There are 2 protein chains.
Amino acid sequence: MPLERIVSTALQIVDDEGADALSMRTLAQRLGSGTATLYRHFDSRTALVAHVVDRMFGAVDLNGDELRAMGWQQALRTVAHTMFEALARHRNAARLMAEEIPLGPNAMALREHCLAALLGSGFPPRLAAHTFATLARYVLGFAIQVNGHGGGGQRDDAHLSAVFQSADPVLFPATVTVAGSMPVPIEDEFSFGLELLLSGLAHLRDDA
Amino acid sequence: MPLERIVSTALQIVDDEGADALSMRTLAQRLGSGTATLYRHFDSRTALVAHVVDRMFGAVDLNGDELRAMGWQQALRTVAHTMFEALARHRNAARLMAEEIPLGPNAMALREHCLAALLGSGFPPRLAAHTFATLARYVLGFAIQVNGHGGGGQRDDAHLSAVFQSADPVLFPATVTVAGSMPVPIEDEFSFGLELLLSGLAHLRDDA
DNA sequence: ACCTGAACACCGTTCAAGT
DNA sequence: ACCTGAACACCGTTCAAGT
């Protein structure tokens, strides 16, 4: 039983049926095996999940040299958007990352490429570390909160907008005023904040 | 059995023993009752969790008038830090928010005060909505990823730093270079990104 | 050596039966 | 009306027993 087959089957279950549907029993059954067999490949469910998470990062294949060539600002933009897309493509799986800082081989490679681009553009190590940490957590924080359509998650945006629109105008005048613009589509929200971060970084470097 | 007692007991369990320790059985037992009784007050575990989440937002008591008086930049800084502290105080509970946009009364009040301050400073409704959405998700994204010390979560920072320091210098030269600055303490990371966002917003308004 | 059925100690949720 | 024990259909994990 190849380890790779276990991991990709697990990711498929999460994609198709939601994060909660991934149980050791379901997975074993889909593989035509028993739960105990899985424990011969992974110490625990947590270890299995870590592999599934890193598999998602595998879809992010950024060329280190190209990244260095495009300048730090465009490099960060590219990394952020590519990461976000990779994680959003597996919306159900994203929340599996909530617990641990990803340390799998693919996550390590991504971090390396990004840090190299920053150092190459003259960022001091400390600033590079802060910048990557903030960017990564920004992307992960967004991806985690993207609600899958699978399990009984959040009501859809139309319903949510109605909730804000129908709030008591005496208690919530400002909320009602902006209700037409809420909720902000997650992609817009993501890009808006990302550009703010990049603009802030640019001015920070101009001042230095 | 007052509903308030159920919610505060539930939050206490999460604080003390981690999010996973909150089961309907454990909660019922702690209350000297049965699980079926809980279902007479809440439709499901999810509904209970929503109340626990809003209870955390209850600790964020910001005066709307004071907020409006301090200008949008300081107002956003205050809201973000106060929210972050309230959520970090219940690190184990923060991840309970991952699924849904908080809509409880305390969360609604917080949103209203913040939006009112932005509109009062001349933000157009759309920009106000985008700004609040981005800020809120930024804070929640951070708070969710703060790893509790309870359940068997991430290794501590010292161990994590050692992992980066001992990475292969041929494969990961940039990572090893900045290893001394990683991992970035979460509070520093939070403030760093928050100031970038505020700086970006300030320049966006200067241009307009 | 590698695999697995069956068990252990848990879950969320429901419902008939009690007061 | 309000509460609850016991059950149902699940979990993650382990281990003695099979091949």
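Keep in mind it's a predicted model, so treat the numbers as computed, not measured.
Put simply, the side chain of A:Leu140 reaches to within 4.5 Å of the side chain of A:Met83, judged on heavy atoms. Side-chain contact between A:Asp188 and B:His130 is present, with at least one heavy-atom pair separated by less than 4.5 Å. Side-chain contact between B:Val52 and B:Met56 is absent, with no heavy-atom pair separated by less than 4.5 Å.
When the P atom of D:dT14 is taken as reference, atom CG of A:Leu38 falls 13 Å away, rounded to whole Å. Distance, B:Met24 CE to D:dA9 P: 20 Å, rounded to whole Å. For A:Leu27 and D:dC10, the CG to P distance is 17 Å, given to the nearest whole Å. Protein atom CZ of B:Arg40 is 5 Å distant from nucleotide atom C1' of D:dC2, rounded to whole Å.
Note on ring orientation: taking the six-membered ring where Trp is involved, the planes of B:Phe84 and B:Phe190 are parallel (angle under 30°, cut-offs 30° and 60°). B:Trp72 and B:Phe123 have perpendicular rings, their planes meeting at more than 60° on a 0 to 90° scale where under 30° would count as parallel.
At the heavy-atom level, B:Thr35 lies under 4.0 Å from base atoms of the strands shown. When heavy atoms are screened at a 4.0 angstrom cut-off, B:Leu22 is found touching the sugar-phosphate backbone but no base atom.
Evaluation of the ring-ring contact (aromatic ring centres under 6.0 Å, His included) rule for B:Tyr39 yields no partner, not counting sequence neighbours.
Phosphate contact (OP1/OP2 of C:dC11, side-chain N/O of A:Ser23, threshold under 4.0 Å): absent. Residue A:Ser33 places at least one side-chain N or O under 4.0 Å from the OP1 or OP2 atom of C:dT4. The side chain of A:Thr37 places no N or O atom within less than 4.0 Å of a non-bridging phosphate oxygen (OP1 or OP2) of C:dC3.
Nearest-nucleotide positions on DNA chain D for B:His41 and A:Asp20 put B:His41 closer to the 5' end.
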For DNA chain D, what is the dot-bracket line, given that a base pair needs Watson-Crick (N1 to N3, plus N6-O4 or O6-N4) or G-U wobble (N1-O2 and O6-N3) geometry with both distances under 3.5 Å, and | means paired with another strand? ||.|||||...|||||.||

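With D:dG5, D:dG12, C:dG12 as the choices, the nucleotide that has an atom nearest any side-chain atom of B:Ala36 turns out to be D:dG5.
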